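The next block holds one structure in the form of structure tokens; read it before the comments.
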Number of protein chains: 2
Amino acid sequence: MEKGQQRITSSDVAQASGVSRATVSYVLNNDPRQSIPEETRKRVIREAEKLGYRPFTPARILRAGHSQIVLAVLPFEQVDPGLALGLKELEARLVEHGFTLISYVGVQQLATKIHPSANVTPGVIVSYGDETDPAIASFLQQFQVPILPGMNNQGMQQLVGKTQVDYLLRHSQRQIVFAAPERQDVQFLVQARLKGVLQGCSEHGLEPAPVFVVPASRPAARTAIREFLTHQPSPYGICCYNDEVAFAVLAALIDEGISIPATAAVIGCDDIPLAQFSIPALTTMYFDRQQSLDPLVENIMAASRGEPTRQVPPASLKLIVRDSA
Amino acid sequence: MEKGQQRITSSDVAQASGVSRATVSYVLNNDPRQSIPEETRKRVIREAEKLGYRPFTPARILRAGHSQIVLAVLPFEQVDPGLALGLKELEARLVEHGFTLISYVGVQQLATKIHPSANVTPGVIVSYGDETDPAIASFLQQFQVPILPGMNNQGMQQLVGKTQVDYLLRHSQRQIVFAAPERQDVQFLVQARLKGVLQGCSEHGLEPAPVFVVPASRPAARTAIREFLTHQPSPYGICCYNDEVAFAVLAALIDEGISIPATAAVIGCDDIPLAQFSIPALTTMYFDRQQSLDPLVENIMAASRGEPTRQVPPASLKLIVRDSA
DNA sequence: CGGGCTTACTTACACGTGTAAGTAAGCCCG
DNA sequence: CGGGCTTACTTACACGTGTAAGTAAGCCCG
């Protein structure tokens, strides 16, 4: 099976349809500069299908000098569900244009000599990492292809923080707290988020919100939150970095017997599928990336042609009100 | 910038080091059949680094006829956290051997003419889908490369089901219930899991467990579980397809005021990061894929060379006891 | 009725690799 | 001292594409 199976090339199709390889290529690529009678066209297409011909991508890329592959670089340990959904939508759009989206998730080996993605040849890179990080920048540059910013940049994070504060203070005055995760990989986003929270506090004439770093284990989270809240005046309004942090905060509060949302109101971010099943059900928000998707796709197409790109308008934020705030 | 930047090829390195392109290739690929003096070797390597030369992968693939790319095909709408972790580990191993792991997540477009992954050229495919599904099989075969089964096959699912039942019945007699998700993409795994649960029931001399399909929204889940449980004798032992289903079940039970684990014991699968933060904390299990990782990597390497592959031993199952069962 | 134009192709090249086959110089050894 | 062997390379080819340039036949039109 390994010896016998030869790759089917355009030469095979050419031979089968009694024309040259060039004609096959012109037909299958629909070259408008050639005049090829319908009869020949049909014959070539039929033979190509009969033989199950599929052009060999590496040869195509070699010839063209660039690929139709888009590499999304996600320098996080894991990809948040909201982002995963956005990538899925992006992929669907790109497919329509004949492009393939590949994701690289991970941050550890960015500086390694032999990188995990060394074998892929993207035509465009979409970067979701910290744009100001020189390590990431130099890693991306070695691909020698255009680099575009992805959709969850720092500006968007800031908007979330401000919106969370606005919502928590809508009905009553509360001590705002920012709950941050321990994980290091998203700290550049955490910082941007905090900036938004602080901006919200300042606009409401409040002192800057203190930061509560949520421990990764449940017992630790419980003792930490008890310790932390004794130094703050109740009622509390807790802005969580994302829904996962919010789950940890909710569990810690419940373990401590603190009533939600009366004494402590909790708001998350992302609206992960599990968000509706927390106790109590989580109030959260998510980005509607729909309207920023088209411009991003446009930019990717433009960049792959070597054309300049435009500014992508920010996604709009949707609030999901449930029981936790 | 687009015009000016030329690709750096081995010709450039050859010219800079005053040798032929062949010599450059022999040096950089460490061809043991050539005798090249250390001096020349050093010079070539130095020039290659100075110029920032990186071999152009498509040309390599074209020459070799096959790539070092491993494509993991995951025919699910989303990838479970446990599986994501396993893939991350697999990637790390493959990198050591110079291979690149690419994942394709998604099931909708499998049958589409122009497939999302049309632009990538894997050397080996690792399939996590239903091995008996002809649509998946024909899709995979068109890549014309060896296909290996991934790590979450039906046999492993069955083991989970049986282990869940064993645990739930360890201390007291309970009415076993199987909680399945609505999502269609994992039904082949759901069925395998159910088979394991039923096997467990039969071994304990019980009637076959009824199946509770958990609705996707919290209010619907609540009414559905009330309706469902009135026809069953308590106490219940609920085997959940995964931790996400378990979260929905826990919320529905709490909304109904049913005590956990006294009246209803709940056990999940995957041990997702959030599992410890459910109310009450979720008892669950996960696969320790560590010892099946090496054989899988071995198989991938063998398959890419066209050699036969061996049977991969099943991963071992680890129980995480918390408060829900 | 012949020169130019259209039609319907084909021939030839280049993209960047890896490697088999060739080669020139130097050395060894009977 | 010359034939064979080693060293240190180079020359040449093939992988499968896409497309510019070439070409032969047919047609039109002054």
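Below, chains carry the letters A, B, ... as their sequence lines are ordered, and counting in each starts from 1. As the structure is a prediction and not an experimental result, all values here were calculated from the model.
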Q: Mark yes when over 12 heavy atoms from residues, nucleotides or ligands other than A:Gln34 sit less than 6.0 Å from its CD; otherwise mark no.
A: yes
Q: Once you apply the 3.5 Å cut-off to both distances, tell me the Watson-Crick or G-U wobble partner of D:dT23, or none.
A: C:dA8
Q: Would you indicate, yes or no, if D:dT6 has its OP1 or OP2 atom less than 4.0 angstrom from a side-chain nitrogen or oxygen of B:Ser35?
A: no
Q: For D:dT10, take OP1 and OP2 only and decide whether either is under 4.0 Å from a side-chain N or O of B:Ser20.
A: yes
**Q.** Short side-chain N/O contact from A:Thr40 to OP1 or OP2 of C:dC9, under 4.0 Å
**A.** yes
Q.
Just the rounded figure in Å: distance from P of D:dC15 to CD1 of A:Ile8.
A. 16 Å
Q: Rounded to the nearest angstrom, tell me the gap between atom CD in A:Glu39 and atom C1' in C:dC9.
A: 14 Å
**Q.** Backbone of B:Thr121 reached by a side-chain donor or acceptor of B:Ser67 within 3.5 Å
**A.** yes
Q) With respect to the side chain of B:Tyr53, which nucleotide from D:dT10, D:dG16, C:dT17 is positioned closest? A) C:dT17
Q. Okay, side chain of B:Asp31, backbone of B:Arg33: is any donor-acceptor separation there less than 3.5 Å?
A. yes
Q: Specify the separation, in whole Å, of atom OH of A:Tyr26 and atom C1' of C:dA12.
A: 11 Å
Q. Roughly how many Å is it from CG in A:Asn29 to C1' in D:dT17, rounded to a whole number?
A. 9 Å
Q.
With a cut-off of less than 4.0 Å, is there a side-chain N or O of A:Thr9 near OP1 or OP2 of D:dC15?
A. no
Q: Round to the nearest Å and state the distance from A:Gln34 atom CD to C:dT6 atom C1'.
A: 13 Å
**Q.** A:Arg33 side chain, from C-beta outward: closest of C:dG18, D:dA20, C:dC9
**A.** D:dA20
**Q.** Sugar-phosphate, base or nothing in reach of B:Pro37, heavy atoms under 4.0 Å
**A.** sugar-phosphate
Q | Euclidean distance, atom CD of residue A:Gln15 to atom C1' of C:dT10 [Å, nearest integer] | A | 15 Å
Q. What is the distance from CZ of B:Arg21 to C1' of C:dT17, rounded to the nearest Å?
A. 6 Å
Q) Is it the case that A:Arg54 places NZ or CZ above or below the six-membered ring of B:Phe143, under 6.0 angstrom from the centre and within 45 degrees of the axis? A) yes
Q) Taking OP1 and OP2 of C:dG18, is either one under 4.0 Å from a side-chain nitrogen or oxygen of B:Ser25? A) yes
Q: Give the minimum heavy-atom separation between A:Leu62 and B:Pro58, together with the two atoms involved.
A: N-CB, 4.2 Å
Q.
Any heavy-atom pair between the side chains of B:Leu51 and B:Gln15 that's under 4.5 Å?
A. no
(Q) Quiz question: going by heavy-atom distance under 3.5 Å, is there a donor-acceptor pair between the base of C:dG16 and the side chain of B:Arg63? (A) no
Q: Choose from C:dT17, D:dA8, D:dG16 the nucleotide whose nearest atom is closest to any side-chain atom of A:Arg7.
A: D:dG16
**Q.** Earlier contact from the 5' end, DNA chain D, for A:Ala22 and A:Ala59
**A.** A:Ala59
(Q) Taking pairing as Watson-Crick or G-U wobble with both contacts under 3.5 Å, can you name the mate of D:dG16, or confirm there isn't one? (A) C:dC15
Q: Ignoring backbone atoms, test whether B:Ser10 places a side-chain nitrogen or oxygen under 4.0 Å from the OP1 or OP2 oxygen of C:dT17.
A: yes
Q. Given atom CZ of B:Phe56 and atom P of D:dC15, what is their separation to the nearest angstrom?
A. 20 Å
Q: Determine which nucleotide pairs with D:dC29, using a 3.5 Å limit on both distances of a Watson-Crick or G-U wobble pair.
A: C:dG2
